[in-house]
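Since the model is a prediction, treat every value here as computed from it, not as a measurement. No hydrogens, no waters, no symmetry mates; every other heavy atom, side chains included, goes into these values.
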Amino acid sequence: MSVCIRQLAAHCSLGSDLSSCVESLSRLELPAPVKRHFDCSHEQVAIPYFRMRNKPSGDFYQILINRLANLLDRAELNADDRLDTALLIGSSSFDVHISEQQYQQDLAKLGDQAAVSMPIVGYGKLAETFGESLGLSSHRYTYSTACTSSANALLYAKQLIEQGQVKHALVLGLEPENNTSVLGFYGLGLISPSEQMHPFDDDRDGLVLGEALGAALLSAADVTPAPQRRFTLAGGAIGTDNHSLTAAHTSGSEIARVIDQALQQAKISPADIQAIKAHGTASLKNDEAEAAALNRIFAGAIPPAFALKPYIGHTLGACGALELALTLGCLQTGYLPATPSAKGDGGLGVKLLRQLKPSQPGYYLLNCFAFGGNNNALIIHDQGEKGSE
């Protein structure tokens with residue numbers, strides 16, 4: 001059974017909707033991160049961060065529910081259709097920012113002896129709240145596998161539809177701004193001192209985090225209107241590399257295995273891949289591992305590759321759904337994104353596109369890797385405008 005990706009949404013440092021994000025990418029605009037200031041061990045530090053552009057004020061979750069409702073409306077899903085729609089949410093932090101706010105309030109009111117540092121743990125509550133508000137089915141799932149969270153949610157959504165458990169699946173990748181993530185990555189020494197991300201370059205020195213949301217509506221092909229059948233989730237795989245808590249093995253062997261499994265599920269060969277959306281975190285070990293895997297799979301003849309994190313930062317659990325939306329938005333417009341700041345390949349053999357390149361129908365590989373050794377590879381089939389008629 002073919003599973004179509006029929007509607008998309010995005011909000012990140014590039015723009016407040018998918019069209020504005022794609023337009024920014026077409027202009028090769030690299031947003032500058034803001035500085036977030038913290039008192040760390042009585043030392044003031046400024047940490048770069050990519051905030052959402054035109055971030056709305058008010059109840060963040062109600063605004064998000066309204067956006068998801070708009071996405072469902074665009075797909076013309078009626079009340080019965082929505083009752084046949086699963087909800088899958090992937091995030092690294094979920095409502096940690098709410099917990100941080102509550103802690104600060106308790107700290108001011110009760111003092112440090114009584115205040116609990118993480119008073120709210122609501123990983124499952126968001127799915128229930130959103131599902132009830134949107135009138136969705138009882139299939140409501142939460143994924144917290146670090147940076148692969150929403151990428152894994154996409155693959156499980158495909159399986160739910162293929163198994164006939166639902167006709168539709170709404171996948172949300174969510175990463176609200178919070179202190180815990182920023183200070184955690186800073187403490188690990190992973191934040192770029194230059195405040196720029198240069199994946200696969202000689203001078204790559206780390207990452208910059210960002211907040212974002214990305215969403216995708218998947219449906220069985222037989223209930224998807226012809227104009228919305230252009231993109232299908234053709235295959236994918238998930239694997240675990242227990243080499244390290246924070247990095248894949250630099251041999252790339254486990255990442256290569258996951259990519260190979262994804263190609264097999266899609267019933268294609270490496271030669272069928274038109275281009276690669278690299279994970280591209282610009283951290284030393286992860287770039288080495290991803291590059292080694294790509295060289296293994298493609299025998300040194302790597303297809304055109306692009307990375308989106310220099311524009312949006314590393315959006316952690318949201319990056320799977322967000323970068324899918326941005327990639328397909330660019331393909332709809334007819335181009336592959338580029339990274340004008342890319343300087344070389346750092347001896348890794350992966351040269352990112354520096355200029356926009358016309359896109360072609362065919363298969364695309366989307367990589368996503370995470371702390372804990374969780375690896376994800378997705379295969380997208382773009383049938384082109386004629387194929388969707």
With side chains defined as the heavy atoms from C-beta onward, is the minimum distance between Leu233 and Leu324 less than 4.5 Å?
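No, their side chains stay 4.5 Å or more apart.
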Close side-chain approach of Leu126 and Thr142, heavy atoms under 4.5 Å:
no
Could you tell me whether Tyr156 and Tyr143 have their ring centroids closer than 6.0 angstrom?
yes
Residues which pass ring pair (Phe, Tyr, Trp, His ring centres under 6.0 Å) with [X], listed by chain and number, not counting sequence neighbours:
X: Tyr49; answer: none
X: His381; answer: Tyr363
X: His11; answer: none
X: Phe60; answer: none

Is [Y] reachable from [X] through a run of hydrophobic residues whose side-chain heavy atoms are each under 4.5 Å from the next?
X: Ile273; Y: Phe306; answer: no
X: Leu87; Y: Ile65; answer: yes
X: Ile380; Y: Leu308; answer: yes
X: Met197; Y: Leu316; answer: yes
X: Phe94; Y: Met52; answer: yes

Identify every side-chain donor-acceptor pair in residues 260-268 under 3.5 Å, counting partners at least two apart or on other chains, and give the distances.
| residue | atom | partner | partner atom | Å |
| --- | --- | --- | --- | --- |
| Asp260 | OD2 | Gln264 | NE2 | 2.7 |
| Gln265 | OE1 | Gly236 | N | 2.9 |

Side-chain donor or acceptor of [X] paired with backbone N/O of [Y] under 3.5 Å:
X: Asn376; Y: Asn374; value: no
X: Asp272; Y: Ser269; value: yes
X: Ser283; Y: Lys285; value: no
X: Asp201; Y: Lys343; value: yes
X: Asp205; Y: Ser194; value: yes
X: Ser137; Y: Asp84; value: no
X: Glu175; Y: Ser93; value: yes
X: Arg204; Y: Thr281; value: no
X: Arg36; Y: Ile47; value: no
X: Ser150; Y: Gly317; value: yes

To the nearest 0.5 angstrom, please state how far the [atom1] atom of [X] sits from the [atom2] atom of [Y].
X: His97; Y: Glu177; atom1: NE2; atom2: CD; result: 9.5 Å
X: His168; Y: Leu160; atom1: NE2; atom2: CG; result: 13.0 Å
X: Ile191; Y: Leu209; atom1: CD1; atom2: CG; result: 4.5 Å
X: Glu43; Y: Phe38; atom1: CD; atom2: CZ; result: 13.5 Å
X: Ile259; Y: Asn367; atom1: CD1; atom2: CG; result: 4.5 Å
X: Thr339; Y: Leu30; atom1: OG1; atom2: CG; result: 7.5 Å

Other residues, nucleotides, ligands: >12 heavy atoms within 6.0 Å of [X] [atom1]:
X: Gln163; atom1: CD; answer: yes
X: Lys55; atom1: NZ; answer: yes
X: Gln44; atom1: CD; answer: yes

Pair Glu100, Thr180: side-chain N/O donor-acceptor within cut-off below 3.5 Å:
yes
So, Asn375 and Arg257: side-chain donor and acceptor under 3.5 Å apart, yes or no?
no
Is any NZ, NE, NH1 or NH2 atom of the basic residue among Lys125 and Glu128 found under 4.0 Å from an Asp or Glu carboxylate oxygen of the other?
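No salt bridge links Lys125 with Glu128.
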How close do [X] and [Y] get, heavy atom to heavy atom, and via which atoms?
X: Ser16; Y: Arg67; answer: O-NH1, 3.3 Å
X: Ala275; Y: Leu336; answer: CB-CD1, 3.8 Å
X: Arg229; Y: Ala221; answer: NE-O, 3.5 Å
X: Ala318; Y: Leu174; answer: CB-N, 3.6 Å

Applying ring pair (Phe, Tyr, Trp, His ring centres under 6.0 Å), which residue pairs with at least one partner in residues 310-341 are found, sequence neighbours left out?
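Residue pairs passing ring pair (Phe, Tyr, Trp, His ring centres under 6.0 Å), neighbours aside: His279-His314.
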Residue pairs meeting ring pair (Phe, Tyr, Trp, His ring centres under 6.0 Å), one or both in residues 176-195, sequence neighbours left out, come to Phe185-Phe371
With sequence neighbours left out, what residues match [X] under side chain to side chain contact (heavy atoms under 4.5 Å, CB included)?
X: Asp202; answer: none
X: Asp59; answer: Tyr61, Gln62
X: Ala278; answer: Phe200, Glu290
X: Arg82; answer: Leu72, Asp73, Leu77, Leu136

Which residue pairs pass the salt bridge (Lys or Arg N to Asp or Glu O under 4.0 Å) test when at least one of the two sits in residues 1-26, sequence neighbours left out?
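Qualifying pairs: Glu23-Arg27.
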